[in-house]
Every structure is written in C-alpha cells, then in structure tokens.
Number of protein chains: 2
Amino acid sequence: MTTTEKASPRDRLLDAAGELFYTEGVSIGVEALCRAAGVSKRSMYQLFDSKEAVLAASLERRVPWYESQFSLPDPQAATPRERIMNVFEVLEKASVEPGYHGCPYLAVLVELKDPEHPAREVAHMVKRRLEALFRAEAEQGGAHDPALLARQLVLVFDGASARAGSGVERLDDGLATKTAAALLDAAGVG
Amino acid sequence: MTTTEKASPRDRLLDAAGELFYTEGVSIGVEALCRAAGVSKRSMYQLFDSKEAVLAASLERRVPWYESQFSLPDPQAATPRERIMNVFEVLEKASVEPGYHGCPYLAVLVELKDPEHPAREVAHMVKRRLEALFRAEAEQGGAHDPALLARQLVLVFDGASARAGSGVERLDDGLATKTAAALLDAAGVG
DNA sequence: CCGGTGGTATACCGATCGGTTTCCCAATCT
DNA sequence: AGATTGGGAAACCGATCGGTATACCACCGG
C-alpha cells in the first residue's frame, strides 16, 4: 500500500518549500507556498509552527542528498586530493545546469539577517560539516595546516557558488577546480 | 550657504536606503524607508520611479567610496602584488568591524533573483570593475595567466565577504590574505 | 500681497503578508 | 451504520506591501 501512496501533505509542503525558497527567495508568501504544494494553510500550520519552521525543515531534509552529491562512488579507490577535487568538480557541473542559483545554504545565510532564524542554524551546520570534510581529507593528505586549508577551500567553494549562482561568473572552464588545486599544491597535498 | 545646509531629501533617502537595505535586506518596505529618511512617500516617488530605483541609486552613489577603500594612499610606491594584497587587508579589517554584513553588492546579487532588477546591473558592474582592477595588477605583476588570476581573486574576495558577513567565518587571522597570497605565488606574481 | 513651488502629512488603493478559524466533506475505524 | 478524524476551501484578522492622490504649509520672487 505505502508504495503506491501519494506523497503526504508534509512531503509536498517540503518539496514546494525547497523549490520556491530556492528560486524565489525567502520572502515567498505562505499563501503561494501552500498553493504550490496543494496543501491548505490549516494543514501547514498544524504540521509546522511557522513559515520559518517550514523553511528550516525543508533545508534540513535535503542535507543527506546534498552531501551525498560530493562523495565519489568508490571513495576507497581515491586519494584525499581526489576526494577534495571531486567536490569542486561536482560544483562546476551543477553550476552549468539550468535553474542553478548557487548553494541554497549559503543563500539562506546571506538572505536571512535575523540571527535567530531557525533555518540559519541548519545552513550553518551544513557549512561546518563541509569544512570538517575538507579538514579530514586535508589531514589525511598531509597538508601543512589542514585547518587553514579547509577554511580556504570553503572560501573558494562559497565564492564560486555565490558568483555562479548569481550569474556573474561561469565555472565551466574549471575556475573552481583550478583554484582548489592551487591551494592544495600550496598546502603540500599531493 | 551650501556648507551649513541640511542634507537634501534625495540624500537623506539614499543614506537611509543604503543603511536599511544593507542591514535589513532588500525586502524593507517603502513606508519604513521613508520614515527613516524623514521624507514623505510623495517626495520619494517624485524623486524616483520606484523602490527598485532608490535601491539602485543608493548602491550607485556609494561606488566611488567603496572603490577608494581599496586603493593605497600612495599607489606609486607599491608593487602590483602589494596593491592586490591591500584589497584583502582592507576587507579583513572591515570584516571585524561591528555592523559588517558582507559586501553589499554581492548581497544584492544573491538576494535579487529577478535578473531585470536595476540594482543588479549596478552590483554587477562593481564586480566587473574589481575583477578588472585585479587583472590590471596581475598583468603588471607578470602573472602567468592574469585573467585567470583575477577571477580567482574575486572568487576569494566574494567567498570571504559572504562568509564573514553572514557570521560563519572570521577573517581576523588573515584567512583572506593568506589565500590571496597563495594564489599570487602560484601565478608567479612576486 | 500674491502665485508658484517643494515639501510633509495623511488617507487611500487593491493586494498580500503571516496566522487563525470555521465549515464541510470524504475516508477510515468499530 | 455510526462515530471519528484528516484535510481542503475559504473567510477572516490586523498589518504591511508598493504606489497614488489630496490637502495643507512654508518659503520664494514678483
């Protein structure tokens, strides 16, 4: 039974929220959100406390998929450097796809000025985890200063995603990978 | 006479717009904007066509100051590398000041999804000019690939400003300058 | 003294904001 | 069959959105 079942109101809501917040920005209204999800406002407000909570939940639900994007099919068969470079290769590939508007977690951090917004916490966590991933690989790769290298790589990642997402830069000539490679070289990661 | 005169409605409007859009985001209302500026809505709408135009004009007016920030007191006395590094040193110093929320031009590019928004054009131009500045110095400094180096430096600049501005990263240990220096080294700029 | 002119204040417009509430239908359980 | 429940449709709340229009005031050159 459960296999053929239609998506639950909760799932439809989170799907629509993920898409609308990403393409239209965080100022999308509750009315439009519910209309797109095919869910009544009544149902939305008994599933979530507020519009903020919907945004936070929609960001959180996509975290596993977002992070799985960056891992190689067979991580064991690759070097730390290759695993790091893969992140930037994936970013460059994603950035040229139609409808790409940059990393949604960075966008939320920039758009939401309110430091108490629950969605900020989710976005912040995703960024901390990406840095941790870089740091672990940097250590394993023998970087001179793994913590510094990790922060540098996130800098490049976010800069590339913000600029490509807002349409002022193109990554399809390998800008991000070349920059990451230069930093890996400088840090002594072979 | 003109020295002691009170600021014109236009200037008060642009000042308030610059501050409010920066601290509260682009979704600040016309009502609040006019209240902060001490200007009636009527005056605003006969000085500007729309709220969009006010935002664009306020961004545009700050361009000369914004760019002058990055130039050394005596540019002649410095090398191309020093002039480039100075940009990142200024960024790092600005980023630790209270009320810093990142580069306003990058924030506008991220927040405004509408590609037709007049403020986007202003922000885009500022970014193009920063890249051009980097490229000119890169050429003069003998970089192997000046155009590539310039794009890499803007990547780092925007990544640093976005992350520092949203409070997830601190630049006060020289993260941005160290990253820029590594890219300059790799490009052969002495 | 009088006619502009540039400005503020304010009411108003229809639409939308986030959020609550009421009503009612259809599926489900016993 | 009858009772319970989930959820959609829609009215409603006060507030605010971007934008317009009316009314009044203070200064200006004649």
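Just so it is clear: chains get the letters A, B, ... in the order the sequence lines come, proteins before strands, and each one is counted from 1.
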Pairs under 3.5 angstrom only: tabulate donor-acceptor contacts from the side chains of residues 56-65 of chain B to other protein residues two or more places apart or in another chain.
unit_1, atom_1, unit_2, atom_2, d
B:Ser58, OG, B:Leu55, O, 2.9
B:Arg61, NH1, B:Asp11, OD1, 3.3
B:Arg61, NH2, B:Asp15, OD1, 2.4

Subject >> Close approaches to DNA chain D from residues 16-30 of chain B, in residue order (heavy atom, under 4.0 Å) >> reply: B:Ile28, B:Gly29, B:Val30

Original post:
Among residues 107-122 of chain B, which residues get a heavy atom nearer than 4.0 Å to DNA chain D?
Top reply: none

Residues which pass ring pair (Phe, Tyr, Trp, His ring centres under 6.0 Å) with [X], listed by chain and number, not counting sequence neighbours:
X        : value
B:His101 : B:Tyr22
B:Phe70  : B:Tyr66, B:Phe157
B:Phe21  : none

Subject >> Outermost DNA chain D nucleotides near chain A [under 4.0 Å, heavy atoms] >> reply: D:dG7 to D:dA9

Report, one pair per line, the protein and nucleotides 20-25 of chain C atoms (nitrogen or oxygen only) whose separation is under 3.5 Å.
unit_1, atom_1, unit_2, atom_2, d
C:dT22, O4, A:Arg42, NE, 3.0

Original post:
By side chain to side chain donor-acceptor pair (under 3.5 Å), which residues pair with B:Glu131, not counting sequence neighbours?
Top reply: none

Original post:
Is B:Val168 isolated, or which residues cluster with it under the ILVMFWY side-chain rule of less than 4.5 Å, directly or via members?
Top reply: A:Leu109

Original post:
For B:Val96, what are the other residues in its hydrophobic cluster, where any two members join if their side-chain heavy atoms are less than 4.5 angstrom apart?
Top reply: none

SB check [X] [Y] (cutoff 4.0 Å):
X        : Y        : result
A:Glu121 : A:Arg128 : yes
A:Lys127 : A:Asp158 : yes
B:Glu111 : A:Lys113 : yes

Original post:
Cut-off 3.5 Å, side chains only: do A:Ser71 and A:Ser68 have a donor facing an acceptor?
Top reply: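 Side-chain D/A pair, A:Ser71 to A:Ser68: absent.
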
Original post:
Once you round it to whole Å, what is the distance between C1' of C:dT5 and CG of B:Leu47?
Top reply: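 Going from B:Leu47 (CG) to C:dT5 (C1'), I get 14 Å.
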
Quiz: residues 138-148 of chain A side-chain donor-acceptor pairs under 3.5 angstrom, not counting sequence neighbours:
unit_1, atom_1, unit_2, atom_2, d
A:Gln140, OE1, A:Arg83, NH2, 3.3
A:His144, ND1, A:Ala187, O, 3.2
A:Asp145, OD1, A:Leu148, N, 3.2

